[in-house]
Number of protein chains: 2
Amino acid sequence: MNVLHDTSKASATLDRLLELVVLLGEDMTQSLAREGLTTSRAHVLWVLHHEGPATQRVLADALRVTPRNITGLVDGLVATGFVTRERHPTDRRATLVSLTERAAASMGQMHSSHRELAELLFGDMPARRFSAFATGLDHVTDRMREGLRAAQAGR
Amino acid sequence: MNVLHDTSKASATLDRLLELVVLLGEDMTQSLAREGLTTSRAHVLWVLHHEGPATQRVLADALRVTPRNITGLVDGLVATGFVTRERHPTDRRATLVSLTERAAASMGQMHSSHRELAELLFGDMPARRFSAFATGLDHVTDRMREGLRAAQAGR
DNA sequence: TATTGTTATACTCTATAACTATA
DNA sequence: TATAGTTATAGAGTATAACAATA
């Protein structure tokens, strides 16, 4: 009886977590659309922002996606002015993809949105509740990582 | 100084929350793929499971997607044996979409996966920490709902 | 011989617009 | 005249396979 009770509470909490996943996803999609981006294209910008100019091969590995797919994403980002393709200085097979000024501006905008969202979600939370939530979140994220790793190993 | 400190902690916590979003999304995509489903098609099954047999119009409204899109999703689900199209008893323009046995089996499987995931994420959590997390999650979800509603109103 | 990125082909999800059959 | 669902067309993300240029 004790176990059953816990199980149903855990299930209900997972439901709410999944609802939050959906809401966060919608919010992110909308914010990116306002900047003229999709999640996949933003992911490319994110990698370039952190790694600096990169070859398409590097991007393909970072996004865990086929090189062909990167060709398409970079095509789109070039067409909309977020990145440029340049010759690689030493390897003539490769191209270097770099962020433009427009992309830098968008990244700044995204940072602001991120801070605003953090403020919206946690800004009025009592400090004690906030840190309890953060602790639980760490726990849950760790379990999820382990679970995925196990699933990937067993396949 | 106090404010700045809080802001950076809030940002870091949002980062971890977004990481969890990504992990949960991957897990869900993989589970569904194992059943031969995509998230969109599973969403259709979910609605049919809760509402019973429905017209494509009803499905389009439920998923907030165009009728044309539903045609494609139902085509795929029919081809893979998850649903059937039948004549509507009274309105000859409409079709009724119903779950098959295979879909019922998959829904059962998904329920099991859901319970297992809840157990993985929360099963070894001390009761007090679990309920603190659940409380924080409620808070965060409420703020997110409000934020999205405001964003939609202001557009 | 191996690697980088492309063309060719195909599938899924999504949208708008025009059209058919029915209400 | 309005509604249900289709065909036609298009764009984005994804994949595999074959191929060119270069290492």
Side-chain angles (χ1 to χ4, degrees), chain A residues 22 25-26 28-30 32-48 51 53-98, chain B residues 22 25-26 28-30 32-48 51 53-98:
Chain A
V22 171
E26 278 176 24
M28 191 172 306
T29 304
Q30 286 174 16
L32 290 173
R34 248 173 271 132
E35 297 287 319
L37 288 169
T38 62
T39 42
S40 296
R41 291 182 186 180
H43 197 169
V44 172
L45 299 188
W46 184 255
V47 173
L48 294 172
E51 309 276 317
T55 64
Q56 294 190 186
R57 176 78 241 174
V58 166
L59 292 173
D61 290 341
L63 303 213
R64 288 191 298 177
V65 113
T66 61
R68 176 61 185 93
N69 200 344
I70 295 294
T71 299
L73 294 174
V74 172
D75 283 351
L77 287 166
V78 168
T80 48
F82 286 98
V83 305
T84 57
R85 274 196 181 97
E86 289 152 42
R87 293 192 291 293
H88 191 286
T90 66
D91 187 339
R92 286 199 300 174
R93 296 169 302 178
T95 62
L96 264 187
V97 182
S98 309
Chain B
V22 170
E26 278 177 26
M28 191 171 306
T29 304
Q30 285 175 15
L32 290 173
R34 248 173 270 131
E35 297 287 319
L37 287 169
T38 62
T39 40
S40 295
R41 290 180 188 183
H43 198 169
V44 172
L45 297 190
W46 183 256
V47 173
L48 293 173
E51 308 277 315
T55 65
Q56 296 190 186
R57 177 77 242 174
V58 165
L59 292 173
D61 291 341
L63 304 212
R64 287 190 298 176
V65 111
T66 61
R68 177 59 184 94
N69 200 344
I70 295 294
T71 299
L73 294 174
V74 172
D75 283 351
L77 287 167
V78 168
T80 48
F82 286 97
V83 305
T84 57
R85 275 196 179 99
E86 290 152 42
R87 292 193 290 294
H88 191 285
T90 65
D91 187 339
R92 287 200 300 174
R93 295 168 304 180
T95 62
L96 264 188
V97 182
S98 308

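In what follows, chains carry the letters A, B, and so on, assigned in the order in which the sequence lines appear, proteins first and then strands, with residues in each chain numbered from 1.
A salt bridge links B:R85 and B:D75; the closest N-O separation between the charged side-chain nitrogens and carboxylate oxygens is under 4.0 Å.
Nucleic acid contact class of B:T29 (heavy atoms, under 4.0 Å, all strands): none. Nucleic acid contact for A:I70: none, since no nucleic acid atom lies under 4.0 Å from a heavy atom of the residue. As judged by a 4.0 angstrom heavy-atom cut-off over every strand, A:T66 is placed among the base-contacting residues.
Considering only side-chain N and O atoms, A:R68 lies nowhere under 4.0 angstrom from the phosphate OP1 or OP2 of C:dT6. Side-chain N/O atoms of A:T71 include one lying less than 4.0 angstrom from OP1 or OP2 on C:dT6. In terms of phosphate contacts, B:N69 brings a side-chain nitrogen or oxygen within less than 4.0 Å of OP1 or OP2 of C:dT14. Side-chain nitrogen and oxygen atoms of A:T95 include none within less than 4.0 Å of the OP1 or OP2 phosphate oxygen of C:dT4.
In the 5' to 3' direction, nucleotides of DNA chain D lying under 4.0 Å from heavy atoms of chain A begin and end at D:dA12 to D:dA23.
Side-chain atoms of A:R93 come within donor-acceptor range of the base of C:dT3, with a qualifying N/O pair under 3.5 Å.
Regarding A:R85, its CZ atom lies at a distance of 12 Å from the C1' atom of C:dT4, rounded to whole Å. A straight line from CG of B:L37 to P of C:dC11 spans 19 Å, rounded to a whole angstrom. Distance CZ (A:R87) to P (C:dG5): 15 Å, rounded to an integer number of Å.
No side-chain heavy atom of B:L59 sits under 4.5 Å from any side-chain heavy atom of B:L73.
Atom-to-atom distance recorded for A:E35:CD and A:R41:CZ is 14.0 Å, nearest 0.5 angstrom.
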